[in-house]
Structures are given as structure tokens and as C-alpha cells.
Amino acid sequence: MAMLGKRRPRRERSGVSGLQGRQAPQSAPGRQGGADDTAGVIIERLAHDGRGLAHDAAGKALFVEGALPGERVEVAVHRTRKRFDEAHLREVLEASPERAEPPCPHYARCGGCDLQHLEVAAQRRHKQAVLRDLLARQGVEVPDEMALLAGASDGYRRRARLGVKVDAEGGVHLGFRARHSHRLVDIEQCTILVPELGALLAPLHQQVASLSAPRQVGHLELLDSDQGPVLVVRQLKPHGEDRGRWEAFATGHALHLAWLVGRESPRLEWLTPAPALSCRVPSAADASATGELTLGFAPGDFLQANAEVNRQMVTTALQWLTDLEGTPLLDLFAGVGNFSLPLASAGASVTAVEGSPAMVERLADNAARHGARLDAGARVPRVESRQADLAQAGAVARLLDEVGPEVVVLDPPREGAEPAVLALAAARVPRVLYVACDPATLARDAARLVHGGYRVTRAAVADMFVHTSHLESMLLFELPGEGQRRQGASPDG
């Protein structure tokens, strides 16, 4: 899951998407492909990472930050490699009709939102094309209809990390990383943060600058919850005077405040009364009077950054995974129960597995809280929480053998779930719902399942991070014939 302000690893190789499907000449007249003769480059299409792609007369690829398909641009090459060059815009000579004015004043410097120059609708078409292309490269076919799960284009992000740095002159800098750099860009407004968090940026600048020991602050974590905004200060060394300043700041801005204190084995200490933090997710329509479930979480637990898109993903899982009454279901990488509890509310008997012991504890608490009937006459959701190392194929194989699931849901981190997928392909679980935050590792894992006999029956792109090239996605895999069996038909019928 992308973290705002973190530096994205530089990619040595990049594929391309078919955004707009334009066929352009390899270069404009006069371009010879050298770093000093780059005026009039024609952009052919977008690469997977959102950069414009062109080729010189010799066929060498040129990746141009901030350029769009069909545009004629003047560029400057800032890195030359053996197989491709990297460049940035000097001037847009002929603009794409899909070029947009970036809404954020920090766009040119901040490394967070790299697609603000492209209209939002076109960003989403690009992401759908990227997913389809990466899967096709692995020989994975997807349905013609690909769902799009999307919400607001601004004010959507409910968590972020702010870097803090004190320069040689004592000046305090607070913000996100610059593009391709460890340098901080001072940020006092951010268009994508939820308003409750965005309103804290300017006061936080003043607060950190007022501290007696600002160099003892490593970074700041901002979270939004049902209980209001939360601030976690990474405090490298305790400081009594600054502690008092932070307590006064929390009172003045009506927020929950903790610091994560200590250089080694830091401990979380609340400077305000410890809150019972929670967020809400959908439940099955007939299982709750409110239609929602409450999930408790703590700072450091995984929480999807975009609450509205996450709700759509959970709803989509409930819509795709029908006939769950009494069905044994294994939820891998379950977190605090984001999918586990909603699927249990639809009648599934859920075994939820997570690698982090702390999140397993929170998952168990959430399951216990919803163990009572959700309303008069509603079913009792059953969720058993377990801890396991899901990077080990043997551990997953043992879980599959013990649980005997008819459905597996997995929502792994960016490195994907190759060991788990290998075990799944061998076990031939009838239905597998894969929720992915990296399309490249999803494509790799999807190929494993397809080679094991599965086919993709549903696909969706979730625009979790608007204005960035990052995309989330959902694929439903089924073994041929399982749909007929669930409907009561014979396997041959």
C-alpha cells in the first residue's frame, strides 16, 4: 500500500499502457536522439508508471515525466542508460486535450501525486489499461467488463507520514519527500488529505519549530478515525519540556496524541487519554440493522488510506462471493478484519490469518465484539483469528489442510503472495479472491493460478490513490464448473 511522502523505488524497466490508443511517429522532425537535441519529442503513450514514452530515430526509449500521449514536448534528458533515457519536461509545445491543471501548488516538487497533470477520468482509464496489459503479458485473460471502484479525487486520504528535518542553520522543514530525492518539500496544504488532517499541516509547522529539541522528532503520523484525528510523534528521545508543548497542542486542536518514543524498540505512549480507535466497513445487507461493522485498530496497524474506496472493495467482495451461508472461508493477510467480519456477516465460517501478532489480537477483539447477534434474528458471525507466517508455503498448505476452505481471500502486501498461491493452486480451492496493491506481483501470482486450472471471472480496479500511478485491484478466480455446482447443477451439466 502506497505511503504518502515515501520515496518510490526507481524502476529500471517499464512497460506501457494503451491509453488513448494513439499511434504517433517515433520522433518529431529534427530530433536525432541526443541529450542536447530533444525539442519536438512526440509522446506515444503512457508507461505503466505514468511517464510519457517516446522513441528516438534509433528506436531507443525515452521516458518523460509529466508528458501525455499525443503531446509534442521539449524535454531535457537527466539520466542516460544503455537501453533507455529518462527526461523531464521543459515545455509543452502541443498539449493533450486530457491535460489538466494540477490542483496542488506543490505538484512540481512533491513526489506524492505524480499524475495531477492528467484528467481524473483519463487516470482511471490508464490504470485499467495497465492492469489488463500486465495480466495479458502473463497470459491471463480477464473479462471484457472491468469494474471501476472510485471515490472523490480530493480530500480522500485518511493517513499520511510527514518527514521532519532540521537543517544546518536550525531551520525546521516538515512535509513529504521531493520527487526522486530524500529532500523534504515543506507542505502546509495538501489537496488529498481529509480536511481534518489537512487543517493540521500549518499548525504542525509552527509547533515543531517551537520545540526545544526539534531534532528529536523523527517523523509525524497522521490518522483519521471515527473518534477524530490522531497524531503520533516519532520521538527519538524523551523530552519533558517538549512533552508539555505537545500536550498543549493536542488540547488546542482537539486531537488524540501519542508519541512513539525511543531509538531502539520504541514504545507507544499516549499523551492524551488513550482512545478506542475505530473505523467502519459494510456488512452484508441482511446481517446488520445499520449495514455497518465497527473495526477497532491501533496506530501501526494496517488501514487502507481511502475509506470510501475501501468500502466499495468490501461491498464488491460481498457481491462477488455469493452463497456463503455455512461456507468455510480462509482470509489470508486479514489485518484487523477488513474483509473477515463482513464476509462472516454474510454467513461464512471464517478463519482469519495475519502475520502480525498485534493485529491478530485486534482481529480477535473485533471478532469477539461482533460475536453477539448484530440485530434481532440476525446470524452470529463466526471468525477465528490465527497468527502464521504467510510467506511460507508450508504454513499456508497446513492451513488449507486444516480449514478445508471453499473460498480463500487474500490481501497481501506489495511483494504479493507467491508461496500462498503455489499452495492454493495445488489445493484447488473452488474460489479465490485476490486483492492486490501491486499489479505486477498480482500478474505473476495470477499466472500461477491460471496455470493451475483457474480462470478469472471478475475483475476490478480500485482507484485508492487518485492522482498517482499506484493502483489497487481485485480478481476473482474460479475453477471451471464450480459456478454450476454452487447453483445445484451437476458438474457435467
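Counting from 1, the numbers follow the sequence of the chain as shown.
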Heavy-atom side-chain proximity of Leu201 to Leu222 below 4.5 angstrom: yes

Close side-chain approach of Leu89 to Glu65, heavy-atom, < 4.5 Å: no

Are [X] and [Y] close enough that a side-chain donor and a side-chain acceptor fall under 3.5 Å?
{"X": "Tyr107", "Y": "His117", "answer": "yes"}
{"X": "Asn338", "Y": "Asn310", "answer": "yes"}
{"X": "Glu308", "Y": "Gln312", "answer": "yes"}

Mutual orientation of the aromatic rings belonging to His78 and His88 [parallel < 30°, tilted 30-60°, perpendicular > 60°]: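 Aromatic pair His78/His88 classed parallel.
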
Parallel, tilted or perpendicular: ring planes of Phe249 versus His253, cut at 30 and 60 degrees: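 Phe249 and His253: tilted rings.
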
[atom2] on [Y] to [atom1] on [X], rounded to 0.5 Å:
{"X": "Leu295", "Y": "Arg362", "atom1": "CG", "atom2": "CZ", "value": "12.0 Å"}
{"X": "Leu330", "Y": "Ser349", "atom1": "CG", "atom2": "OG", "value": "11.0 Å"}
{"X": "Leu332", "Y": "Leu424", "atom1": "CG", "atom2": "CG", "value": "6.5 Å"}
{"X": "Phe63", "Y": "Ile43", "atom1": "CZ", "atom2": "CD1", "value": "10.5 Å"}

Of all pairs that satisfy side-chain hydrogen bond (donor to acceptor under 3.5 Å, both in side chains), the ones with a partner from residues 185-210, not counting sequence neighbours: His173-Asp186

Within the distance-only criterion (no hydrogens, no angle test), does the side chain of [X] pair as donor or acceptor with the backbone N or O of [Y] below 3.5 angstrom?
{"X": "Glu71", "Y": "Leu68", "result": "yes"}
{"X": "Gln387", "Y": "Ser356", "result": "no"}
{"X": "Arg161", "Y": "Glu221", "result": "no"}
{"X": "Arg158", "Y": "Ser225", "result": "no"}
{"X": "Asp301", "Y": "Ala298", "result": "yes"}
{"X": "Lys165", "Y": "Arg183", "result": "no"}
{"X": "Ser340", "Y": "Val336", "result": "no"}
{"X": "Ser283", "Y": "Leu293", "result": "no"}
{"X": "Asp224", "Y": "Leu197", "result": "no"}
{"X": "His370", "Y": "Thr294", "result": "yes"}

Verdict with supporting geometry, Ser278 and Gln227, side chain to side chain donor-acceptor pair (under 3.5 Å): CA-CA 7 Å; Ser278 67; Gln227 292 70 37; 2.9 Å; yes

Closest contact, heavy atoms only, His182 versus Arg177: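 In terms of heavy atoms, the two residues are closest at O-NH1, 2.7 Å.
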
